[in-house]
Structures are given as structure tokens and as C-alpha cells.
Amino acid sequence: MIIPPLGLYIHIPFCIRKCPYCDFFSEKIGTDGVQDNYVSALIKELSIYSEASSGRKIESVYIGGGTPTLLNPKQIESIMDAIVRNFCLSDSVEISMEANPGTVTENNIREYRRLGINRISLGVQSLNNDSLTRLCRIHNRNEAIIAAENIAKYFQNFNIDLMHSLPGQNLKDAILDLDEVIKLNPNHISWYQLTIEEDTPYARNIPPLPKEDIIDSIYLEGYDLLKQHSYVHYEVSAFAKKGFECKHNLNYWTFGDYLGAGSGAHSKITESNSIHRQSRIENTCEYIRSMNENRISNIYATDDHISNEDLTFEYFLNRLRLFSPIPIREYEDLTGLCFENIRHLFEKYEAEGLVSLLEDKIVISNKGQLFINQMLQDFI
Ligand code: SF4
């Protein structure tokens, strides 16, 4: 097994209110004191990993949530200082932070850039006020446009998250949303279909979603529009101008390692002969209390090694999201397993027109891109 590149993920689990479709871990924002205590706990956790990362270079940092932009610039500065103090950052490190249009001012955006953040991911989701109201977003169309324009002043590298197939949305509205986002000129767009996740208010009370044939047309027209504007479709829902693919997410999808910090964060770390996974408890108060009282083991919800049976599934679960060819050597290097044991499955997919199996790599066909979930079933 080779040791892959390492990314760092930091979870900020606060939101102003919960959006009804969202299954990410976040809690309603508390008082300033709670956030200060959370940041202190986070900084303490980062210091613990300083030694454990044993000098490995961090290739990307992602501050996600929740809503990281609910922290004030001073709190973000303390986190950034702790990152620089405890880790060895690669010279070309990508440092991304998620931003919610309802929580950013131009001053704050300028500060984020000054603090060393070099990529912003703005959660716009829609530019239609009716859709934004239905999604219970805290921002409106104007605030989203102003936030994107301000970000563009300070960041060459920024992403806009946009959803489609929203409650009550028709083809025209979905494509208009995408067209308007393209006009804001981000060099990366995450354009993804609203899905109903378990245990969310939408799952308990499913809103009226567009019919399948409308959704198919949204995809076809949307892909065309993105292509016309030079966005390359490099992952299931990610589109980037050349050279602006998200390094941090590419590292997940190529089965790289990542260290997580904060309540609800996950880690995957390759050791000499196995892969170690950890998840942290989804409970901000308990996380803060445990860190304060030095009961570090209490912050972990799960702590285990990925079994050989699960490794192939986990590798392809990530890797098949990318449309680039899969080197057979990469599978063997990153899992420590032998491709010959699963060759027969890819020979079957080749006969079905889902892949081409070349001497040293697997190439997913256009048809195969539509059957990724079916292929994954074979690895469970
Ligand atoms: S703002 Fe983002 S993280 Fe928070 S509830 Fe809404 S979708 Fe989820």
C-alpha cells in the first residue's frame, strides 16, 4: 500500500437555521461564547494531530460546515494560525472555505483572503427568490449576487453550489438559474440535483418535485450550457474551467487520505498495511466538554480499520465519481489488493458496454457513467 496525499478537513457545525433538505451535521448557532469555546476545542484537537501527521505535507485544507462564515474573522484567524503552527503545508496548498451568501460582507471576504484562504465555495443553491424561500435559505437572490461579485474581487478561485430539480421548478427556471450563475463567472460550479435524504423534514413531507422527463431534460440542457461556457464535467456534479478542479475533493475521489477535526468530522489515514477511519461525535457541547476535560477518546464516535472486504467498494465508490480513466496500478497501490481478483467483473461490464478494459487502465464509457450505482452493487 502506498501512502497517498493528505488533506485536512475542519468542520464548523453552526447554522442560523436548518434547511429542510440538509442532512449535514449542524446545530443552531449559539452565543459568541459557544463559538469561542468551539474554536478553542478545535485548536486543541489540531495540536494533537501535529505529531501524528508525522511531517506529511498537507495538500489541501477545507473549512466546511455548517456555515463557517458564521465565525468572525478573528475566530477564523485563530484556526488558520493553528493550522500553520501544527502542520506542514505544501507550497501549492489549496485552502477552501464554504460561505453562505446571507453571512458574508465585503470586509469579511477581504479578511478571509488576507488570512490565507485562497478558494471560496459559495452556497447559492438558486437565484430564484421563490425557490430560495421554499428551501428556507437565509439569503435572497440579490444577496447571493452581491456575495458572488464581492468574492470575485478578492478570489480568482471560487465555486458556486447550485441545485436543480427543486420543488415546483420547471425546465426553463432550472436553466435560467444555471445561466445566471454562469454569468457570475465562477471557475468552478457544483451543479447537483436536490435529493431527498433520510431523516430530514423533506423526507417526512416530500415536496412536489419535477417529473423524471423534466429532470432528464434539465440534465441534458444544463450539461450543454456548461460545456458551451468551457466548464469541464470532471465529476458527477462538478464542473470546472481548466486547472480549477477542486484539489480537496479530487483527493477524496482518488481515495487520498484526510484528517478531520471538529464535531462530526471524519478521517481516513493510510498506515503501512491498513486504512484507519475515525468519525467524531455529532454533538457540539459534548465535543467542547470532552476536549476541555482532556477526555480525548470521548470525541470519537467510531474508530476502526477498513476491512479488505470493504476496501474495493470504498475505493470504487469514490473513484467512479470521476470520469478520468482508472489506472489498475492505482487501485492496487491504494488498496493493497490484487486487481486480478475482480478482473472478471470488469470483463462483464466491458461486455455490457459500460467500460473499456485496457492493459493498464479502466475507461468508463458514457453509458457506464449512467450505471455507476449498479456497478457498485457488485462490490458490496
Ligand atoms: S446552511 Fe448549509 S449546512 Fe446549514 S442547514 Fe442549510 S444546507 Fe445545511
Side-chain angles (χ1 to χ4, degrees), residues 9-30 34-35 38-39 42 62-72 75-76 79 96-105 108-109 112 119-148 151 158-167 169 177 181 186 188-207 209 237-238 246 248-249 252 260-266 279-284 287:
Y9 175 78
I10 294 186
H11 195 67
I12 308 298
F14 304 112
C15 289
I16 287 188
R17 62 170 182 245
K18 198 75 195 165
C19 305
Y21 56 87
C22 175
D23 69 341
F24 293 125
F25 166 59
S26 66
E27 295 176 354
K28 198 168 177 314
I29 182 104
V34 174
Q35 276 123 247
Y38 184 78
V39 169
L42 196 54
Y62 197 97
I63 306 176
T67 308
T69 42
L70 280 175
L71 296 187
N72 62 45
Q75 292 164 327
I76 302 276
I79 295 171
S96 301
M97 187 167 77
E98 289 178 349
N100 184 315
T103 60
V104 283
T105 61
N108 285 6
I109 292 166
Y112 304 147
R119 182 176 185 275
I120 293 280
S121 177
L122 183 69
V124 165
Q125 315 312 352
S126 174
L127 285 171
N128 178 306
N129 277 335
D130 290 340
S131 292
L132 290 168
T133 306
R134 280 192 173 165
L135 295 171
C136 298
R137 298 290 300 181
I138 58 165
H139 65 272
N140 61 29
R141 167 192 168 78
N142 268 354
E143 287 165 327
I145 291 172
I146 290 169
I151 289 166
F158 80 103
N159 167 62
I160 289 185
D161 272 353
L162 179 72
M163 293 200 287
H164 64 82
S165 306
L166 303 176
Q169 193 177 50
D177 247 359
V181 160
H188 192 287
I189 298 178
S190 298
W191 187 58
Y192 55 99
Q193 182 183 342
L194 170 73
T195 49
I196 304 295
E197 304 296 340
E198 275 178 34
D199 290 329
T200 58
Y202 268 8
R204 290 186 281 280
N205 190 5
I206 298 181
L209 298 172
S237 334
C246 175
H248 189 80
N249 287 341
Y252 289 137
S263 183
H266 294 245
S279 67
R280 287 147 194 80
I281 50 169
E282 296 190 346
N283 183 328
T284 308
Y287 170 81

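Every number for a ligand or one of its atoms is a count from 1 in the order of the listing.
When atom types are taken as modelled, the side chain of His139 and the backbone of Ala147 share no donor-acceptor pair closer than 3.5 angstrom. Using a distance-only test at 3.5 Å, with no hydrogens or angles considered, a donor-acceptor pair links the side chain of Arg280 to the main chain of Ala265. Under the 3.5 Å distance criterion, the side-chain polar atoms of Gln125 are left unmatched by any main-chain donor or acceptor of Arg137. Side chain of Tyr38 to backbone of Ser263: a donor-acceptor contact under 3.5 angstrom is found.
The shortest distance between side-chain heavy atoms of Arg119 and Cys246 falls below 4.5 Å.
Atom 2 (Fe) of ligand 1 has its closest protein heavy atom at Arg137 NH1, 3.9 Å.
Counting heavy-atom neighbours within 6.0 Å of Tyr192 OH, excluding the residue itself, gives a total above 12.
If you look at Asn100 next to ligand 1, the close heavy atoms, those under 4.0 Å, all belong to the side chain.
Ordered by chain and number, Cys22 SG make up the set of protein N, O or S atoms under 2.8 Å of atom 8 (Fe) of ligand 1.
Here CG of Leu42 is found 12.5 Å from CD of Gln35. Values are rounded to the nearest 0.5 Å.
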